[in-house]
S.K.: 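The structure's right below; bear with me while I get my questions together.
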Amino acid sequence: MRPFEYARAGDPADAVARFRPGAMYLGGGTNLVDLMRLGVAEPEFLVDVSRLPLDRIEPDGDGLRVGAAVRNSDLGAHPLVRERYPMLARAVLAGASGQIRNMATVGGNLLQRTRCPYFQDVSKPCNKREPGSGCPAIGGDHSNLAILGHSPACVATHPSDMAVALAALDARVHVTGPGGDRVIPMPGLHRLPGDEAGRDTVLAPGELVTAVHLPAPPAGASRYRKVRERASFAFALVSIAAALDVAGDGTVRDCRIALGAVAHMPWRCERAERALRGAPASEESFTRAAEAELEQARPLPRNAHKVPLARNLIVRTLLELAP
Ligand SMILES: Cc1cc2nc3c(=O)[nH]c(=O)nc-3n(C[C@H](O)[C@H](O)[C@H](O)COP(=O)(O)OP(=O)(O)OC[C@H]3O[C@@H](n4cnc5c(N)ncnc54)[C@H](O)[C@@H]3O)c2cc1C
Ligand code: SF4
């Protein structure tokens with residue numbers, strides 16, 4: 001690992017003031033330190049933001065404010081999160097292991113890097129690591145990479161479970177940086193790769209995530225489900241965060257659907273949601289909505305299985321949520 005300087009910031013303004021070219025913020029380190037060991041990340045200076053006074057979960061209007069330094073295990077176990085946002089609690093607890101969740105922070109979870117095998121292997125080219133070097137995943141192992149929104153530059157997926165629930169909950173990410181404070185609506189924090197595979201998010205250099213605001217929970221029933229190769233300690237093949245509100249006459253009043261592990265960002269299923277509002281809450285409508293969404297899918301030769309997987313996950317989850 002390349003030598004680096006280290007400083008612990010006292011507050012968000014101090015963290016931003018210390019940031020400089022070659023620096024990176026350090027949360028729990030569960031992703032960044034791994035990437036440093038692999039030589040994928042080589043910061044000259046780490047600004048530790050894991051102990052900033054941003055470690056509280058508190059009511060905020062109709063919703064909840066979650067500090068960026070809150071540990072994943074504290075978020076998943078918090079009584080207000082479990083009671084009002086069960087989809088989020090389940091998503092967080094579906095990620096990683098107990099030990100990693102004890103270290104990992106909300107800010108770091110949102111900004112963790114892709115698990116594309118070529119990105120993590122510095123002996124291979126990768127546009128995300130080295131712009132212009134190529135994307136070996138397209139002709140190689142892409143069995144768990146993107147089916148939606150990818151580009152010739154990059155077909156990676158974003159691995160965060162938490163981000164999928166936040167996208168379905170219409171969460172807002174609070175950020176501070178050299179240019180001041182701003183609020184980014186989810187799923188808008190992450191971006192599609194386009195021809196800039198190296199940029200995972202819309203954050204500018206030095207911008208620090210300070211908090212996530214959750215608005216009032218969606219009406220109706222909600223759920224997070226994750227399909228993976230084994231029951232724990234595995235990233236998603238496809239995941240879903242969904243909420244369904246059905247009126248007394250059996251029609252869908254409102255719904256939220258976001259998919260994980262299918263794109264470079266959490267994928268909010270706007271087409272499916274539009275197709276469902278006002279439709280009968282039936283298997284036929286759920287199937288039509290899923291198909292309307294997945295018409296846009298462009299699977300690669302070795303990940304076409306993710307399309308029926310996503311379709312079935314949408315339909316089965318909505319059926320479980322329907323009264
Ligand atoms: C074996 C293993 C299995 C895993 N399985 C899953 C899984 O199933 N699902 C899942 O979602 N995750 C999984 N993870 C990933 C894990 O959740 C992330 O490593 C963790 O959430 C990252 O949080 P952190 O605080 O440790 O971030 P760090 O590693 O400290 O940082 C990650 C990135 O975020 C940046 N950063 C950190 N905090 C801030 C901030 N406040 N503002 C701006 N930038 C910031 C850092 O500069 C860095 O680029 C797994 C990890 C491992 C090692
Ligand atoms: S999919 Fe993206 S991260 Fe993976 S090798 Fe291609 S450019 Fe790199």
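All values below were derived from every heavy atom in this structure, side-chain atoms included, with hydrogens, water molecules and symmetry-related copies excluded. Both counts, for ligands and for their atoms, begin at 1 and track the order of listing.
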S.K.: Find all atoms of ligand 1 within a distance of less than 4.0 Å from any non-hydrogen atom belonging to Ser160, and give their numbers and elements.
M.R.: 11 (O)
S.K.: Should Glu58 and Arg65 count as an ion pair when the cut-off is N to O under 4.0 Å?
M.R.: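 Arg65 and Glu58: not salt-bridged.
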S.K.: Hey, is Lys124 close enough to Asp121 for a salt bridge, meaning N to O under 4.0 Å?
M.R.: yes
S.K.: What part of Pro193, side chain from CB on, backbone N/CA/C/O, both or neither, has a heavy atom under 4.0 Å from ligand 2?
M.R.: neither
S.K.: Which ligand 2 atoms, with their elements, are less than 4.0 angstrom from a heavy-atom of Asn127?
M.R.: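 Contacts of ligand 2 toward Asn127, numbered from 1: 7 (S), 8 (Fe).
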S.K.: Of all the non-hydrogen atoms in the protein, which one sits nearest to atom 10 (C) of ligand 1, and at what distance?
M.R.: Asp161 OD2, 3.5 Å
S.K.: Determine whether the side chains of Asn102 and Ser73 contain a donor N or O and an acceptor N or O closer than 3.5 Å.
M.R.: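 The criterion, which ignores hydrogens and geometry beyond distance, is satisfied for Ser73 and Asn102.
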S.K.: Atom 1 (S) of ligand 2: which protein heavy atom is closest, and how many Å away?
M.R.: Val155 N, 3.2 Å
S.K.: Give me the residue, atom name and distance of the protein heavy atom closest to atom 43 (C) of ligand 1.
M.R.: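 Here the closest protein heavy atom is Leu111 CD1, 3.2 Å.
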S.K.: For ligand 1, which atoms, with element, lie under 4.0 Å from some heavy atom of Ala234?
M.R.: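 Every atom of ligand 1 under 4.0 Å from some heavy atom of Ala234: 8 (O).
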S.K.: Taking only Lys NZ, Arg NE, NH1 and NH2, and the carboxylate oxygens of Asp or Glu, determine whether Arg256 and Glu273 approach each other closer than 4.0 Å.
M.R.: no
S.K.: Hey, is Arg115 touching ligand 1 through its side chain, its backbone, both or neither, going by heavy atoms under 4.0 Å?
M.R.: side chain
S.K.: Which atoms of ligand 1 are found less than 4.0 Å from any heavy atom of Gly95?
M.R.: 7 (C), 8 (O), 9 (N)
S.K.: When you look at CZ of Arg90, are more than 12 heavy atoms from neighbouring residues, nucleotides or ligands closer to it than 6.0 Å?
M.R.: no
S.K.: What is the distance from atom CG of Leu35 to atom CE of Met1, rounded to the nearest 0.5 Å?
M.R.: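 These two atoms lie 10.0 Å from each other.
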S.K.: Going by the atom numbers of ligand 1, which of them fall below 4.0 Å from some non-hydrogen atom of Met24?
M.R.: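 Result: 47 (O), 49 (O).
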S.K.: Classify the contact between Cys116 and ligand 2 as side chain, backbone, both or neither, using a heavy-atom distance cut-off of under 4.0 Å.
M.R.: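 Side chain only; the backbone of Cys116 stays clear of ligand 2.
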S.K.: So which protein heavy atom does atom 8 (Fe) of ligand 2 come closest to, and at what separation?
M.R.: Cys126 SG, 2.3 Å
S.K.: With a 4.0 Å heavy-atom cut-off (strictly under), which part of Gln99 contacts ligand 1: side chain, backbone, both or neither?
M.R.: neither
S.K.: Please determine if Asp200 and Arg191 form a salt bridge, counting it only when a charged side-chain N lies under 4.0 Å from a carboxylate O.
M.R.: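 So Asp200 does not pair with Arg191 through a salt bridge.
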S.K.: Considering only heavy atoms of Asn31, which atoms of ligand 1 have at least one such atom less than 4.0 Å away?
M.R.: 19 (O), 29 (O)
S.K.: Measure the distance from atom 24 (P) of ligand 1 to every protein heavy atom, then report the residue, atom name and distance (to 0.1 Å) of the closest one.
M.R.: Gly28 N, 3.4 Å
S.K.: Between Cys135 and atom 8 (Fe) of ligand 2, is there a contact where an N/O/S atom of the residue lies under 2.8 Å from the metal?
M.R.: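 Given the 2.8 Å cut-off, Cys135 does not count as a ligand of atom 8 (Fe) of ligand 2.
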S.K.: As a check for students: among Phe235, Tyr25, Phe19, Phe233, identify the option with a heavy atom nearest to atom 14 (N) of ligand 1.
M.R.: Phe235
S.K.: Whether Asp141 and Arg302 form a salt bridge (side-chain N of Lys/Arg under 4.0 Å from carboxylate O of Asp/Glu) is what I want to check.
M.R.: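 The answer is no: the pair does not qualify as a salt bridge.
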S.K.: If you take the centroid of each ring, where Trp contributes its six-membered ring, are Tyr25 and Phe19 closer together than 6.0 Å?
M.R.: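 Judged by ring-centre distance (under 6.0 Å), Phe19 and Tyr25 do meet the cut-off.
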S.K.: Could you tell me which atoms of ligand 1, counted from 1 in the order shown, lie closer than 4.0 angstrom to a heavy atom of Gly29?
M.R.: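 In order of numbering, the contacting atoms are 24 (P), 26 (O), 28 (P), 29 (O), 30 (O).
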S.K.: Give me the residue, atom name and distance of the protein heavy atom closest to atom 38 (N) of ligand 1.
M.R.: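 Result for atom 38 (N) of ligand 1: Gly108 N, 3.6 Å.
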S.K.: What residue and heavy atom of the protein are closest to atom 2 (Fe) of ligand 2, and at what distance?
M.R.: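 Protein heavy atom at minimum distance: Cys154 SG, 2.4 Å.
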S.K.: Evaluate His213 against Asp60 for side chain to side chain donor-acceptor pair (under 3.5 Å), listing each step before the verdict.
M.R.: CA-CA 8 Å; His213 173 83; Asp60 184 9; 2.9 Å; yes
S.K.: With a cut-off of 4.0 Å, which atoms of ligand 2 are near a heavy atom of Tyr118?
M.R.: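 Near Tyr118, the atoms of ligand 2 are 5 (S).
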S.K.: Using heavy atoms and a threshold below 4.0 Å, how should the contact between Pro159 and ligand 1 be classified: side chain, backbone, both, or neither?
M.R.: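 The answer is the backbone of Pro159.
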S.K.: Assess whether side chain to side chain contact (heavy atoms under 4.5 Å, CB included) is satisfied between Leu64 and Ile57, documenting all intermediate values.
M.R.: CA-CA 7 Å; Leu64 216 54; Ile57 300 174; 4.0 Å; yes
S.K.: Quick check: His264 with His158 (ring centres under 6.0 Å apart)?
M.R.: no
S.K.: Taking only heavy atoms of Ala153, which atoms of ligand 2 are found under 4.0 Å from at least one of them?
M.R.: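 This gives 7 (S) as the contact atoms.
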S.K.: Measure Ile100 to ligand 1 on non-hydrogen atoms and call it side chain, backbone, both or neither using the 4.0 Å cut-off.
M.R.: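 For Ile100, the contact with ligand 1 is made by the side chain alone.
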S.K.: Considering only heavy atoms of Phe119, which atoms of ligand 2 have at least one such atom less than 4.0 Å away?
M.R.: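 In order of number, 3 (S).
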S.K.: Answer side chain, backbone, both or neither: which part of Asn72 comes under 4.0 Å from ligand 1, heavy atoms only.
M.R.: side chain
S.K.: Take Ser160 and Asn109 through the test side chain to side chain donor-acceptor pair (under 3.5 Å) and record every step on the way to the result.
M.R.: CA-CA 6 Å; Ser160 167; Asn109 185 300; 2.5 Å; yes
S.K.: Below 4.0 angstrom, N of the basic side chain to O of the carboxylate: do Arg20 and Glu5 qualify?
M.R.: yes
